[in-house]
Amino acid sequence: MPYDFGRIESKWLQRWEADKIFQPTETGKKYLLTVPYPYANGALHIGHGRTYTIGDIMARYLRMKGYNVLYPMGFHISGTPILGFAKKIEKGDKATIDLYKSYLELYGDNPDLIKEFSKPENIANYFANKIISDFSNMGFSIDWSRVFNTGEPIYNKFIEWQFRKLHSMGLIKQGDYPILYSIAEGNPVGEDDIADGDVDKVSILEFVTVLFQFEDKYLGASTLRPETLEGVTNLFINPNGMYTIIELDGRKIVVSKEAAEKLQYQRQIEIVGNIDPKELIGKIAKEPLHGRSIPIIGAEFVDTDNATGIVYSVPAHSLQDYLALRESGDNIEPIQIIEGVNESVEDVIEKFKISSIGETEKIEEATKYLYEMEFYHGIISKGKYSGKFIREVKDEIKNDYIKDKIAFIFYETSRKAVTREGDKVIVAIINNQWFIDYSNEQWKNKVRNLLNEMQLKPDSLRNQFMQVVDWIRERPCARKRGLGTRLPMDRNWVIESLSDSTIYPALYTIIRELREMDFNEIDDAIFDFIFFGKGELKGKSNDTIELAKRARKEFEFWYPVDWRHTGYPHISNHLTFYLFNHVAIFPEEDWPKGVSTGGIVLSEGQKMAKSKGNVVPLLTVKRKYGADLFRLYFATNADVWYDVDWRSSEVNMMQKKLEKFYEYLTNAIKYEGEPEERDLWIVGKFNERLKHADEAFGDMRIREAAVELFYNMMNDVQELESIAGKDRTMRAIKKFGRDWALSLSPIIPFISEEINELYGGSGYASLSSYPSYNESHKQILEEWEYVEGLLEDFKNIIKIYPNKPGKMRIYVAEDWKREAFKKFNELGMKEFMKSATPEQREFILTITKRKDAKNLRLNVNEIMVLERYKEDLENYLKLKIEILKTGEDDKSKKSLPGKPAILLE
RNA sequence: GCGGAGGUUGCCGAGCCUGGCCAAAGGCGGCAGACUCAAGAUCUGCUCCCACAGGGGUUCGCCGGUUCAAAUCCGGCCCUCCGCACCA
């Protein structure tokens, strides 16, 4: 019977679905296992597939171990991406249209359906449906009766309830917040909206703009190093630039024209007029600390499109300033204000071999070098902060300047950036931005306590989480656009897509009851009742009350989440929010029990990326290889927490192995008759491997379990076949074939069902008990392993034997050696030596030097075992065998108990 | 910078927690053989060096240490990769 995965997989899919076998009811030991829902904006690839496969393998394993496992799934549609794609399709953007047409083609749908995709909800619905079929095809044991998406009204009500709760607990705040922004679009922009945003990240820099008095105005000079203000010697301004006078907080300030535009998005300013830089150059300004007179010097290197387009110059501590002054010939004496650093600006210029100000790259590198040195080791030697380390007072200095109104903050992008449409990206301050206040220390402490109680895999996860909890601050939780749930406190805002997906596993438990409820009756009181058992449902209809009670029961039964698994990039965001929000909203008994993170998937050795053309869609994999093969590949190729590489050549190798496995099991059943007793070591071997694999599964070491049960077991069977021949092997396989298939059911569920049925198993393999360890063949296994040792020795010798041997003499060690060795093991060296004969002493001294001494099998009746396998070995090795007791022969004297001497001739 | 992971024999990649059965699983690649008219596929064996009757030597990023014994434990150093937020 050839391995036809298409036939087998669709057969079992239909049966599973017809019998709804993955829709658990509230009985027995429950286990709620979740994986974050996918974002429904495109076809899934094998990277997504791996995470859900790991979840499913664990779900299936635990189900077979007697747990009542619920593995639910929903869809994420919140945020801007789907909206953005819909908009682009509406606008006729070619790249986006081609991409979505390719998805339609992939799924075998008419590419003309693309028109539908100008509506975001159509994109979401289309892909949600495709993902359901993709996931089902992969054999995931998901309860689809509980599916929902984050855009539907019931979900919105649930999230609104959550946010009103957070708000009432004082965990939601408002404040001003800098953000990347496109003037042309009038909107905030994320990494995805920026050209090359993924490869060259844009961050927000905080410049301190210091005000230097000039006549009735001020010049706003920007710096990233406000601690050097004491050392200022002059100002630089671009003679070819355009400058504007603005009014801010009642003062007239000169900045570049570009800066003035940006500032309109950051502060309340008014444009007063323009000013020609020539009117400034050569004149004098006053620095704000002591009112020293400072010359204004023209310098073309000043970029008017970076910060305010005016910089102050500290030649003693800035390479660029030093070089500029040296080249302009202005005779200005640097003012040293930092000590404790061994190298001066001149030294660094020397060190990096910089000859002119044009060498931008070298200067950048050297500046970083100098800055890090001064920041970590430098001590301020002038002014108010004298004697203090820069790293300790830098922030204080900045804040003092702002307080004293001699400086303000100017936000700038870390590099020049444009959107994918080519519009300039700047930094804007959003007023009254809503935040979730993750900086709250009491809240953090609760999360820390939870982390100490939780099960986490891999072990390093606990440290990583603790670290994140330490540095996490307020997080903006709403945006002005996007799909999702409107913020109940202010309906102009939409809850941001990571913030609306933290406690939703709770919704899986009750969604079915909510759907039956009269939608208008669903309100906060209903959620309070279901989740906390609080309050009475006054004024609700009887049906609603009844459903709410049922929902309460479901929730109490299934919650908390026993395990959540996802990829490691989620540690610092989603998983952390998941913990924080559970801790805030739910009572302690409903807090998460365990979390694990997994590695990512590489394709042919590289990160998957559309630009590299190595993205492998889940669907094509399923069509080409079948779900079982896909699952087996990921199970065996790397442990959960490591990255895994998808290489088609290796997948092909694995396919052959899997076919062979299937062939063994389907063939074996056709063989009549009982197996030979002497071949049953294979059953012992299976049980040993099963025991080991069971332990590994329990600890989520899926790879170890899979390798043991699949690879190693296949090798054992092939070993048996090469010695016992096909017929005997097949009859032996029948003895444990069904258990073998069942033991692999979490990984290859379809083949498992097929084999289980073939072997007359009743019911579904997926719902069977996991096979249990049985030690009835332990003795024969040990005896066989003794023979394996002999074969090993034979191989070593045959390698160096000049021609083909016709005969092998096997000398079994004399009994006195066995006795001596046993005695030695019992008594230990010291005691043994006291009572031993000289002959015994010499023997023990020589063999204890051998490193394999501990390995000897002493409990085997060697002659009996050798006689049993003599014929098999003769056929296998193609020579005659003679079994003898050790005599006087030199070679034969090498025999040890459990390790006979061999003589070839 | 902060935090995490890791550097193993031609390549990929186990082992390391719980030192000795470790010249170190498995796969790829390579070599030889079987099969074949031939190629491919498949199967078998070999694949650090030297011995050529089961022996010896040198290896697991580098340098030291602990130990009878270190790829494994400890200390220091060098190098690589990943995450660091308003983005799903």
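The shown structure was predicted, so the numbers you read here are calculated from the model rather than taken from an experiment. All values below were derived from every heavy atom in this structure, side-chain atoms included, with hydrogens, water molecules and symmetry-related copies excluded. Throughout, a chain's letter reflects where its sequence line sits, starting with A, and its residues are numbered from 1.
- Checking A:Tyr37, A:Tyr103, A:Phe75 one by one against A:Phe127, the ring pair (Phe, Tyr, Trp, His ring centres under 6.0 Å) holds for a single residue, A:Tyr103.
- Scanning both residues, A:Ser499 and A:Pro476, for their nearest heavy atoms gives OG-O, 4.3 Å.
- Nucleic acid contact class of A:Tyr568 (heavy atoms, under 4.0 Å, all strands): sugar-phosphate only.
- If you take CZ of A:Phe127 and C1' of B:A88, they are 15 Å apart, rounded to a whole angstrom.
- Base pairing of B:C31: its partner is B:G45, meeting the Watson-Crick or G-U wobble criterion (both donor-acceptor distances under 3.5 Å).
- Among B:C87, B:A25, B:U44, the nucleotide with an atom closest to any side-chain atom of A:Gln718 is B:U44.
- Look at B:A53: it lacks any Watson-Crick or wobble partner with both distances under 3.5 angstrom.
- The existence of a salt bridge linking A:Glu785 and A:Lys685 is confirmed by a sub-4.0 Å separation between a basic side-chain nitrogen and an acidic carboxylate oxygen.
- Spacing between atom CE of A:Met466 and atom C1' of B:C84 amounts to 18 Å, rounded to whole angstrom units.
- The interatomic distance linking A:Trp646 (CH2) with B:G27 (C1') rounds to 15 Å, in whole Å.
- Here the separation of B:G64 from B:A70, taken at their P atoms, is 14 Å to the nearest Å.
- Here the separation of B:G7 from B:U42, taken at their P atoms, is 32 Å to the nearest Å.
- Rounded to whole Å, the distance from CD on A:Gln433 to C1' on B:C87 is 14 Å.
- Between A:Ile723 atom CD1 and B:C43 atom P the separation is 18 Å, expressed in whole Å.
- Here B:C77 sits opposite B:G61 as a Watson-Crick or G-U wobble pair (both hydrogen-bonding atom distances under 3.5 Å).
- Using Watson-Crick or G-U wobble geometry with both donor-acceptor distances under 3.5 Å, B:U67 finds no partner in any strand shown.
- When both pairing distances are held under 3.5 Å, B:C17 makes no Watson-Crick or G-U pair with any nucleotide shown.
- Comparing the same atom, C1', in B:G13 and in B:U18 gives a spacing of 23 Å after rounding to whole Å.
- Computed from coordinates, the A:Tyr633 OH to B:C28 P distance equals 12 Å when rounded to whole Å.
- The one candidate from A:Tyr664, A:Tyr662, A:Phe661, A:Tyr633 that meets the ring pair (Phe, Tyr, Trp, His ring centres under 6.0 Å) condition with A:Phe710 is A:Phe661.
- The listed nucleotides are B:C84, B:C87, B:G13; the one nearest the side chain of A:Thr80 is B:C87.
- A:Leu498 comes within contact range of at least one nucleobase, with a heavy-atom separation under 4.0 Å.
- With P as the reference atom, B:C87 and B:G15 are 39 Å apart, rounded to whole Å.
- Geometric assessment of A:Arg564 against the ring of A:Tyr578 yields a positive cation-pi assignment under the 6.0 Å and 45° thresholds.
- Within the 3.5 Å criterion, the main-chain N or O of A:Ser78 finds a donor-acceptor partner in the side chain of A:Thr150.
- Listed nucleotides B:C43, B:G4, B:A85 differ in distance to A:Asn463; the shortest reach to its side chain belongs to B:G4.
- Across all strands shown, nothing is found opposite B:G40 as a Watson-Crick or G-U wobble partner with both distances under 3.5 Å.
- Within 4.0 Å of A:Ile472, counting heavy atoms only, lies at least one base atom of the nucleic acid.
- Taking the P atom of each, B:C11 and B:G65 are spaced 30 Å apart, rounded to whole Å.
- For A:Arg479, the side-chain atoms get nearest to B:A88 when compared with the rest of B:C2, B:A14, B:A88.
- Of the listed nucleotides (B:G83, B:C2, B:A88), B:G83 has the atom at the smallest distance from the side chain of A:Ser572.
- Here the separation of B:A71 from B:G3, taken at their P atoms, is 31 Å to the nearest Å.
- Here B:G83 sits opposite B:C2 as a Watson-Crick or G-U wobble pair (both hydrogen-bonding atom distances under 3.5 Å).
- Annotation: B:C84 and B:C68 have their P atoms spaced 48 Å apart (nearest Å).
- With C1' as the reference atom, B:U8 and B:C62 are 15 Å apart, rounded to whole Å.
- Regarding A:Asn712, its CG atom lies at a distance of 11 Å from the C1' atom of B:A14, rounded to whole Å.
- For A:Lys660, counting side-chain heavy atoms from C-beta on, the closest listed nucleotide (B:A85, B:A88, B:C43) is B:C43.
- Ion pairing between A:Lys444 and A:Asp437 fails under the 4.0 Å rule for side-chain N and carboxylate O.
- Residue contacts for A:His76: at a heavy-atom cut-off of 4.0 Å it reaches the sugar-phosphate backbone alone, with no base atom in range.
- The side chain of A:Pro81 sits closest to B:A88 out of B:C82, B:U42, B:A88.
- Taking every side-chain heavy atom of A:Gln464 into account, B:G4 is the closest of B:G4, B:A14, B:A88.
- Across B:C87, B:G3, B:A25, the shortest atom-to-atom separation from the side chain of A:Gln467 is found for B:G3.
- Atom pair A:Lys657:NZ and B:U42:C1' shows a separation of 13 Å (rounding to whole Å applied).
- The A:Lys656 side chain lies nearest to B:A41 when the options are B:A25, B:A41, B:A85.
- Of the options A:Glu695, A:Glu708, A:Glu704, a salt bridge (Lys or Arg N to Asp or Glu O under 4.0 Å) to A:Arg689 is made by A:Glu708 and by none of the others.
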